[in-house]
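Presented below is the structure to which this report refers.
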Number of protein chains: 2
Amino acid sequence: MSGQADANSDRAIPQPVLNRIPTYLRAAEDLLADGTETISSSRLAKILGLTDGQVRADLVYFGAFGRPGVGYRVAHLVEELRRVVGIDKPWPVALVGYGSIGRALVAHEGLRRRSFDIVVVLDADPAKVGRKAGRCTVQPVSELEQELTRREIRLAILAVPSGAAQDLAEQVAAAGVVGIMNFASVRLRLPEEVIVMNVDLTLLLERLSLRLKVAGH
Amino acid sequence: MSGQADANSDRAIPQPVLNRIPTYLRAAEDLLADGTETISSSRLAKILGLTDGQVRADLVYFGAFGRPGVGYRVAHLVEELRRVVGIDKPWPVALVGYGSIGRALVAHEGLRRRSFDIVVVLDADPAKVGRKAGRCTVQPVSELEQELTRREIRLAILAVPSGAAQDLAEQVAAAGVVGIMNFASVRLRLPEEVIVMNVDLTLLLERLSLRLKVAGH
DNA sequence: CGATGTGAATCGTTTCACAGCC
DNA sequence: GGCTGTGAAACGATTCACATCG
């Protein structure tokens, strides 16, 4: 059995596998809520539109959670995967930019429920500073470094205009952030150790449009 | 696995290629704005973090836009790729759900600038019906089929609570929609011809969290 | 007997090297 | 000479088949 979090690593884990792991967790949590006790790789695969072999191969990257002849105990699977994904403990998150996307994120009750807790909200607009933003009060970006280092924040959400994104990304990275979810339509240039997840809505719509065209619609 | 009629096109285009095409378009548009006239595959590759051979191979799937010894004419590349992606003409889009995410999308001026024009906004909450939503007025979901068929809408954005998503997805699909951008945290079960692009923010944050853990952070 | 974990074979994507054109 | 388009080689991921275990 996997002992501790020997984070890295027996060998490199393919990116597609990493992308699927949270979907396994999601499915397992749904099953747990339904009262299902055990789940086989084939049933889990059917839920997610995969093959049973793929499910087993993916899970084995993070340790052998299953029992031959039985399957995976759902409660155990949820617990292990939450640990693997890193949401067994809450992440304190900084939200930079309190525009319409920022407000949607603060209002999104699913985030805290899934261990992402927005504890700092910052904005460059003096008119927004001082407003209530969920449990936070909007603070000026001038306090970015101080707040992020003080609270030891390593995860930030950037929901700012494209023109401001690169500068602010550098600031949060300099303040110790190692993961950024970026809603701006720009490729951020940052030190390699900082991991960026881009959520470019127009780009995603363009991918959808292209897929429709290719499908003949 | 799905036995689909490959009635159209020379051969199937890999999904990774389809995902990259809009990023080529984005880069080309930036270059056009900078006044750059021609671009080589190697320079374009450097901008996007790819290899030159990959850029050439990807673009050739959609026709040979480049000229040996010269490169790609930026203006031509933009024009061709906009046509390929399907944003040479505006898409009329229906927005279902005028909560905080819906409001953020209506406020997002980048969407219309990139040919995605929200022309109908619907919500189930009577308190929201009648409100101004950008250029639209929020309409009740009871008018969904009528509005979507009347305007011949084929692209919809679903920004509704998870519990309502499946039902509304079926409704928009029945009204002729073939592409859905889904912000709810559920896998929609729809006829195969309907293409769904999921934008599950908590799932994306979990992927980011996992990547951070694997990277040792 | 049923279902996992695992190496081997298959499939698809990326990379490479070069012929051909500007 | 520089750069594209293109087949062939290399690489990585998925699928398969089976030994193993409860």
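Each chain gets a letter, A, B and so on, in the order its sequence line appears, and its residues count up from 1. What you see is a predicted model; the values in this text were computed from it and never measured.
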Rounded to the nearest Å, what distance is computed from the OH atom of residue B:Tyr61 to the C1' atom of nucleotide C:dT14?
10 Å
A:Ile21 CD1 to B:Ser209 OG distance, which is reported to the nearest 0.5 Å
12.5 Å
A:Ile13 CD1 - D:dG12 P separation (whole Å):
15 Å
Walking DNA chain D from its 5' end, the first of B:Gly69 and A:Arg56 to be reached, judged by nearest nucleotide, is B:Gly69
Return yes if a side-chain donor-acceptor contact under 3.5 Å exists between A:Thr202 and B:Arg26, otherwise no.
yes
Any ion pair linking B:Asp52 and B:Arg56 (charged N to carboxylate O, less than 4.0 Å)?
yes
So, the side chain of B:Arg207 versus the backbone of A:Leu18: is there a donor-acceptor pair under 3.5 Å, distance only?
no
B:Arg43 has an atom CZ; how far is it from atom P of D:dT4, in whole Å?
11 Å
Note: for B:Leu50 and A:Val60 on DNA chain C, the residue whose nearest nucleotide lies more 5' is A:Val60
Between C:dT14 and B:Arg20, is there an OP1 or OP2 to side-chain N/O distance shorter than 4.0 Å?
yes
Is the phosphate of D:dT4, meaning OP1 or OP2, less than 4.0 Å from a side-chain N or O of B:Ser41?
yes
Calculate the interatomic distance between A:Phe65 atom CZ and D:dG22 atom P; express it in whole Å.
18 Å
Under a 4.5 Å cut-off applied to non-hydrogen side-chain atoms, are B:Tyr98 and B:Val106 in contact?
yes
Determine: side-chain N/O of B:Thr51 to OP1/OP2 of C:dT15, distance under 4.0 Å, yes or no.
yes
What is the separation between atom CG on B:Asp52 and atom C1' on D:dT4, rounded to the nearest whole Å?
10 Å
Whole-Å distance separating the CG atom of B:Leu59 from the P atom of D:dT4
9 Å
B:Asn19 CG to C:dG12 C1': how many Å, rounded?
15 Å
For A:Leu77 and C:dA3, give me the distance from atom CG to atom P, rounded to whole Å.
16 Å
Report yes if at least one side-chain N or O of B:Gln54 is closer than 4.0 Å to OP1 or OP2 of C:dT13; otherwise report no.
no
Tell me whether the OP1 or OP2 atom of D:dG5 has a side-chain N or O from B:Tyr72 closer than 4.0 Å.
yes
Take A:Gly53 and A:Arg67, find for each the nucleotide of DNA chain D with the closest heavy atom, and name the residue whose nucleotide sits nearer the 5' end.
A:Gly53
Closest approach to the side chain of A:Pro68, judged atom by atom: which nucleotide of D:dC3, D:dT14, C:dA3 is it?
C:dA3
Among D:dA13, D:dT4, C:dT14, which nucleotide has an atom closest to any side-chain atom of A:Pro16?
D:dA13
